[in-house]
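Take a look at the structure below.
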Amino acid sequence: MSINFSQLIEWRREFHQYPETGWAEFWTTCKIADYLESMGFEQILMGTEIINPDFVRGRHLPTVRQSIEKALVNGANPKWLDKMQEFTGCVAIFDSGKSGKTVALRFDIDCVNVSETKSDNHKPNQLGFSSKNEGLMHACGHDGHISVGLGVAQWIMQNKDKLSGKIKLIFQPAEEGVRGAAAIAATSVLDDVNYFISSHISFCASSGTIISNLKNFLSTTKVDIRYRGKPAHAGAAPHLGRNALLAAAHTVTQVYGISRHGEGMTRINVGVLKAGEGRNVVPATAEIQLEVRGENKAINQYMYDQVVQMVKGVALSFDVEYETEIMGEAVDMVNDPELIAKVEKIASQLPQIHTPNAEYAFNASEDATILGRKVQEQGGKSIYFILGADRTAEHHQSEFDFDERQLETGVQIYTGLLADINSK
C-alpha cells in the first residue's frame, strides 16, 4: 500500500490549529478517537483504563475543566469526553486473533506554552493553519507525531489480514515536563508487550537522517516544594512570624551544594522561586520548582533523596511546614540492538534517507523511557529513535516548523517494523 502523503499533511495541519497543553488535550484526544473509529478500530481505551490517577504528574484541575468546555465548543465528540473521565490520551488496540508478538507504538499529543509567530514568512500563517489557541503552539512537532500515528493506524487496518499478534497504538498525553508516561506505565497497558517503539521528529537531526541509536537518556525528577509559615507584622511583631521565604531561600542555596555522585553525571536546576504576600508582612508561603537529573535511575534517586532531606532540615530549622510533589519524571534507557538493526535496515531501503544509522548523545530526558524500560524489565525490547527533519527554528520557539515530507518517512519506518515483527 502506498502511503497517502496528502492525508498525513492534512491531519498534521488540523491538529496544529488546535494545540492543547498536557492533561488538557481533550479536543485532540476526541479527534484522534474519531479517526481511529472511522478506520475500524473497535478497541479504543481511555480514562482509567489507561491512566492510573495515583501516578498522574503536574495536572491542573481548573485547566482541565476549562479545556473540556473549550473542546465542546470546538466540536469534540461528547461520547469520548464521557469515556475519558477527565483524563486525556487513548490507546487503540488491533488484535489479529492469531498468535504472535505484541507491539506498542507511542505517539505524544500535547503542545507547549508558546505563542506562534505572526510573521508573514511563517508557513502556517501563509497557508492558514497556525494556532487558533492563543499562547499555545505545536512548537515541538507532536502534531506530526499524531499524524504519523494515524498513518500507521490506517496502514494496520488496510493490512489487517496480513498481520499476526497484537498492536497497541498509545497516544500519550503530557510528554512536555515528562508528566504523562508514568500514569500509563502504572496500568496494565504494557503488561503483554514484547516490543516498544517510539520516536521524535526533527530535534537534533535534519532531513535524510535517522538516529537509530540515541544514547545518554538522563533520569529526571521534577519537584515542587511548598513551605507554609506564619504571617506577622514585619515591624511590630516579627518574632510572631515563621518566615517561609527565608526557608525557601536557604533551600535553594543548599541544594546547589549537593555533593555530586562519583559514578555518573548529575544535574540540578531551580527554575522558579515564589514567596511572600506583602512588603510589611513576614512571608507565610513559598514555592520552589526544581528538577534533578542523573545518568541513571539510581543516581537520579540519590539527587532527589538529597533534596528531600535538605527540605526537611530547613523546615525544622525555620519551624515551617512543608510538602513536596513530584510533577514529572523519566528514567534512563538503552536501545535494544535488535530494534536498532531493524530501524537501520528499513531506513537504508528508503531513497530519501542518506544516513540511516547515526548515533547521538541525547543528554536530556524523555518520558517514553518509562514505558520502554517497563517493557525491557518484563523481558521485552525497546527503542526510541529520531526521525530527522529540517526545521525553521529550534524546538519550543515561536517560528518552529518542520519538513512535512518526513511524515511519510515516519510512517514507512513504523509500518516497516510492524511488517517485520507482525507478519503472519
Go through the steps to decide whether Phe196 and Tyr384 satisfy the test ring-ring contact (aromatic ring centres under 6.0 Å, His included), and finish with yes or no. CA-CA 9 Å; Phe196 173 82; Tyr384 186 92; 8.4 Å; no
Can you measure from [atom1] ([X]) to [atom2] ([Y]) and round to the nearest 0.5 angstrom?
X	Y	atom1	atom2	answer
Trp80	Leu36	CH2	CG	8.0 Å
Asp108	Asp367	CG	CG	7.5 Å
Glu175	Ser198	CD	OG	9.0 Å
Cys90	Ile50	SG	CD1	6.5 Å
Phe26	Ile68	CZ	CD1	4.0 Å
Thr102	Lys168	OG1	NZ	6.5 Å

So, [X] and [Y]: side-chain donor and acceptor under 3.5 Å apart, yes or no?
X	Y	value
Gln66	Thr63	no
Asp305	Gln309	no
Glu116	Ser130	no
Glu176	Thr21	no
Glu287	Gln289	yes
Gln306	Gln254	no
Asp401	His122	no
Lys162	Asn422	no
Thr324	Asp224	no
Asp336	Gln376	yes
Arg293	Thr266	no
Ser131	Tyr18	no

Identify the heavy atoms of [X] and [Y] that sit nearest to each other, and give their distance.
X	Y	answer
Thr409	Gln406	OG1-OE1, 3.0 Å
Gly410	Val148	C-CG1, 3.9 Å
Leu72	Pro78	CD2-CG, 4.2 Å

Please report the C-alpha distance between Lys381 and Val375 in whole Å, then the side-chain angles of each, then the deciding distance to 0.1 Å, and finally whether the side chain to side chain contact (heavy atoms under 4.5 Å, CB included) criterion is met. CA-CA 6 Å; Lys381 298 179 179 180; Val375 171; over 6 Å; no
Judged by atom type as modelled, is there a donor-acceptor pair below 3.5 Å linking the side chain of [X] to the main-chain atoms of [Y]?
X	Y	answer
Glu277	Thr285	yes
Asn125	Thr117	yes
Ser219	Asp332	yes
Ser212	Glu344	no
His142	Cys111	no
Thr220	Ser365	no
Ser206	Ala389	no
Glu20	Ser67	no
Trp23	Arg57	yes

Would you call the rings of His138 and His16 parallel, tilted or perpendicular, where under 30° means parallel and over 60° means perpendicular?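 Rings of His138 and His16: tilted, as their planes differ by 30° to 60°.
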For the residue pair Phe400 and Phe402, does the interplanar ring angle fall in the parallel (under 30°), tilted (30 to 60°) or perpendicular (over 60°) class?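 Tilted.
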Does [X] pair with [Y] as a salt bridge, N-O distance under 4.0 Å?
X	Y	value
Glu399	Lys118	no
Glu86	Arg65	yes
Lys222	Glu329	no
Glu321	Arg226	no
Arg13	Asp143	no
Asp191	Lys374	yes

Can you list the steps and then say if Ile170 with Ile184 is a side chain to side chain contact (heavy atoms under 4.5 Å, CB included)? CA-CA 9 Å; Ile170 301 171; Ile184 295 176; 4.0 Å; yes
Mind running side chain to side chain contact (heavy atoms under 4.5 Å, CB included) on Ile197 and Arg106 for me, showing each step along the way? CA-CA 7 Å; Ile197 304 164; Arg106 177 272 209 171; over 6 Å; no
pair Gln172-Leu371: side-chain heavy atoms closer than 4.5 Å: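 Yes; the side chains approach each other to less than 4.5 Å.
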Any side-chain heavy-atom pair from Tyr302 and Ile258 closer than 4.5 angstrom?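 In contact.
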If you count heavy atoms of other groups shown closer than 6.0 angstrom to [atom1] of [X], is the number above 12?
X	atom1	result
Glu263	CD	no
Arg260	CZ	yes
Glu42	CD	no
Lys160	NZ	no
Lys83	NZ	yes

Lys NZ or Arg CZ of Arg12 over Phe129 ring: under 6.0 Å, within 45°: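 Cation-pi check for Arg12 and Phe129: fails.
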Testing His395, Glu394, Glu366, Arg391 one by one against Phe203 for a side-chain contact (heavy atoms from CB on, under 4.5 Å), which residue passes?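 Testing each of His395, Glu394, Glu366, Arg391 against Phe203, the sole residue satisfying side-chain contact (heavy atoms from CB on, under 4.5 Å) is His395.
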Please name the residue in the list Val255, Thr251, Val307, Val272 that meets the side-chain contact (heavy atoms from CB on, under 4.5 Å) test with Ile288.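 Exactly one option meets the side-chain contact (heavy atoms from CB on, under 4.5 Å) with Ile288, and it is Thr251.
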Establish, yes or no, whether a centroid distance under 6.0 Å links the rings of Phe41 and Tyr35.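 Not under 6.0 Å, so no.
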Could you tell me whether Phe385 and Tyr360 have their ring centroids closer than 6.0 angstrom?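 Ring centres of Tyr360 and Phe385 not closer than 6.0 Å.
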Taking it one step at a time, do Trp11 and Leu407 satisfy side chain to side chain contact (heavy atoms under 4.5 Å, CB included)? CA-CA 11 Å; Trp11 282 328; Leu407 298 174; over 6 Å; no
Verify side-chain hydrogen bond (donor to acceptor under 3.5 Å, both in side chains) between Glu291 and Tyr304, making sure each step is shown before the conclusion. CA-CA 9 Å; Glu291 65 172 20; Tyr304 172 73; over 6 Å; no
